[in-house]
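Here the structure comes first, spelled out in structure tokens, and everything after it is commentary.
By convention in this document, chain letters (A, B, ...) are assigned in the order of the sequence lines, proteins followed by strands, and residues within each chain are numbered from 1. Hydrogens, waters and symmetry mates are skipped; everything else that's a heavy atom, side chains included, is used.
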Protein chains: 2
Amino acid sequence: MVSLKDISVRCGVSVATVSKALNGHKDVSEATRERLVRTAREMGYFPNAQARALKTNRTYNLGVMFLDEAGRGLTHEFFAKVLNSFKTEAELAGYDITFISNKDIGGRRMSTYEHCKYRSVDGIVIACTDFTAPDVFEVINGDIPVVTIDHIFDCRTAVVSNNESGMEKLLNYAADCGHTKIAYIQGKRSAVAEKRLAGFYKACVNRGIEVRSEWLPVGDYCNPDITYQLTKKLLKGKDVPTCIFMPDDYAAIGGLNAIKDLGLSVPEDVSIIGYDGIAYSQLLNPRLTTYSQDTPVIGATAAKQLISLIENPQTTFTEVITVDGQFLEGGSVKKL
Amino acid sequence: MVSLKDISVRCGVSVATVSKALNGHKDVSEATRERLVRTAREMGYFPNAQARALKTNRTYNLGVMFLDEAGRGLTHEFFAKVLNSFKTEAELAGYDITFISNKDIGGRRMSTYEHCKYRSVDGIVIACTDFTAPDVFEVINGDIPVVTIDHIFDCRTAVVSNNESGMEKLLNYAADCGHTKIAYIQGKRSAVAEKRLAGFYKACVNRGIEVRSEWLPVGDYCNPDITYQLTKKLLKGKDVPTCIFMPDDYAAIGGLNAIKDLGLSVPEDVSIIGYDGIAYSQLLNPRLTTYSQDTPVIGATAAKQLISLIENPQTTFTEVITVDGQFLEGGSVKKL
DNA sequence: TTTATTAACGGAAACGTTTGAAAAACTATG
DNA sequence: CATAGTTTTTCAAACGTTTCCGTTAATAAA
């Protein structure tokens, strides 16, 4: 690899001058700057990221903290999409992405935060299902810039999907279609679940729809099996809902199968509403009525915010940015 | 951050001794070694990855090259799963994962290979749909250890899914069920597509099944729309196939919709076979008969191979490792 | 001409490691 | 007790940058 020294001897100047020229400092004449830049290019020079980081304490590396208790990891479409846009935006600004986790190094166990220190990441984005993990708190309380996705901590910037309003929009649609007997299979307790439930209640009150606690079973996100069971249970009694909200689109498949297995059909006998707007939901027949979270914006915003935090360290101001999604009208809700 | 120097002054020895003690060199007495390791732990020491890399030219970072012309990126379930297991295995060995792409740095465009040099990754795994990209060749011809997934280059280690045998198994199953009029909507031309087609032909010959060229349309992977069109076309004529092989499970959804839209049903009127064994395929009703690629093994094997290549540089021996998958019998094929 | 000002460049230390060679401290041997 | 051998420790250079400060040269002002 060609280094600054190589360029300096070739051009008969000092390495200091080369460094300054290439980094656009002002105390180098235009003529030599041009000459140095040119030969650097000719010689195929690229800075050595490690050496630079060692001096500047800036790695241009962002850590992605990604705990997923379900072990689905990147298979989780929401996270995969968010990560994808995060990555794209970060790369545009010259940052690379490294996965961070707790791991062993040199025989000693390293926490996620220690891992970040070891790799000297400039910033961390946290996206996970379990924000109560100790590793998360350690990072939150640390001194590395952090942006969280879909969870709000005091004094930390957060980018959250507008779960409350998304839920409201969906319920309003169901109400518009004439549904009043509405069930909601909730996701597992979490900040996201709270928000969605809040939106559900709020809209129900607004539309004068009675909320029945027995129609609010707690299931789990991305779990078609549990959703299958709960859907069957909901439809077993004599007084059954006409419309069921699912934890998310993926889990909804379990619900659809339950309905099919009961000899019923969607939307004729029972209406179904999902959440997420994943690709499959729009390939189902009938298309699932759902709410598409704006993953491209969520990821890109998180990246922008994180980079801004890194590059303007004085900014003690932390934001909570709410990203709206889009209602997707499918054919899974019957108009009564 | 506490450094080697901090430990050395605290213990009254030189930094060299500390370094050697912590790295388990033999030329340091057991007594001092134990003492140094203990205080290092007490002081919360972690090595500085940059400094170490600068000296040793080893970053313990693996680059993931991941070109996806379709722009689906991590949303692609096969790749997401492979990457997931790759990451897990690599982390076990103390390596981190960094995404590598072509990008701009300091105004100059950097190729993927240059990017790898810049970040000094110890090795690269290539997984992508388009292995003809110039960026791929540059990496293949470079001097960094490389493992490719699902594509074979001379002189480079490759981990490939057993596409040929997978296809054979599927066709044998269809034949066992009594099907003789079999169509295959191919994926776009690629090494993978070739292998699958080869397996298809081979099994057809074995079973004495006539291969009709008009029943071998070329579609595209992960593209339900094209698959929808081609499926309709296949089922329009007067002489139609009784069983259709889809490019993959995801694309198969397009086929299923086409069949539904024609007023037909699976498997009564037409049988369907997928490829990949993605989660959804097993949630469909009826479950899709398909071939599940062993993504956990593929990813883990790739990681192991790459790390072995890195840690035993003398090994000029390159392997091609074929990973078998598993046949999944669903309910989408009718027994005639 | 002298002095002050500015512009362009170089010297050198520093970042935190690793590592081979040299030195020092022991141990054993005759 | 000297010598050789062995074990343990330190020295010092090196990896490729960045950056503060000093130096030189050129220009402007007095």
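In this structure, B:Lys87 satisfies the cation-pi test against A:Phe99, with its NZ or CZ atom closer than 6.0 Å to the six-membered ring centre and inside 45 degrees of the ring normal.
There is a side-chain donor-acceptor pair under 3.5 Å between B:Ser111 and B:Glu138.
Inter-residue side-chain proximity for A:Thr59 and B:Gln50 is flagged as met; some heavy-atom pair is nearer than 4.5 Å.
In this entry the distance linking CG of A:Asp6 with C1' of D:dT17 reads 13 Å, nearest Å. For the pair B:Gln50 CD and C:dT18 C1', the interatomic distance rounds to 16 Å; values are reported in whole Å. The distance from atom CG of A:Leu36 to atom P of C:dA8 is 13 Å, rounded to the nearest whole Å. Here C:dT17 presents its P atom at 5 Å from CG of B:Asn48, a figure rounded to the nearest Å. As rounded to whole Å, 5 Å separates atom C1' of D:dT18 from atom NZ of A:Lys55. What separates CG of B:Asn57 from P of C:dT17 is a distance of 17 Å, to the nearest Å. Between the CD1 atom of B:Ile7 and the P atom of C:dG16 there is a distance of 12 Å, rounded to whole Å. Summarising the geometry, the separation between CG on A:Leu4 and C1' on D:dT19 is reported as 13 Å, rounded to the nearest angstrom.
Of the options B:Asp122, B:Thr98, B:Asp96, a side-chain hydrogen bond (donor to acceptor under 3.5 Å, both in side chains) to B:Asn61 is made by B:Thr98 and by none of the others.
Between the side chain of B:Thr301 and the backbone N or O of B:Val297 there is at least one donor-acceptor pair closer than 3.5 Å. The closest donor-acceptor contact from the side chain of B:Arg156 to the backbone of B:Thr148 lies at 3.5 Å or more, if one exists at all.
Dashed line: the shortest gap from a side-chain N or O of A:Asn23 to OP1 or OP2 of D:dT18 is under 4.0 Å. Here B:Arg52 does not reach the OP1 or OP2 of C:dG16: none of its side-chain N or O atoms lies under 4.0 Å away. OP1 or OP2 of C:dG10 lies within a sub-4.0 Å distance of a side-chain N or O belonging to A:Thr17. Using a 4.0 Å cut-off, no side-chain N or O of B:Tyr118 falls inside it from OP1 or OP2 of D:dG16. For D:dT10, one of the phosphate oxygens OP1 or OP2 lies less than 4.0 angstrom from a side-chain nitrogen or oxygen of B:Ser14. Using a 4.0 Å cut-off, no side-chain N or O of B:Ser19 falls inside it from OP1 or OP2 of C:dT17.
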Open item on the list: Applying salt bridge (charged side-chain N to carboxylate O under 4.0 Å, His left out) to B:Arg33 and B:Glu30, what does each step give before you reach the verdict?
Closed with: CA-CA 5 Å; B:Arg33 195 197 66 79; B:Glu30 183 54 32; 3.2 Å; yes
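Within residues 27-35 of chain B, the residues having any heavy atom under 4.0 Å from DNA chain D are, by residue number, B:Asp27, B:Val28, B:Ser29, B:Thr32.
When the nucleotides D:dT18, D:dT10, D:dG16 are ranked by their closest atom to the side chain of B:Val13, D:dT10 comes out on top. Nearest to the side chain of B:Ala16, among D:dA12, D:dG16, C:dG11, sits D:dA12.
For the pair B:Ala51 and B:Lys20, nearest-nucleotide mapping onto DNA chain C gives the more 5' position to B:Ala51.
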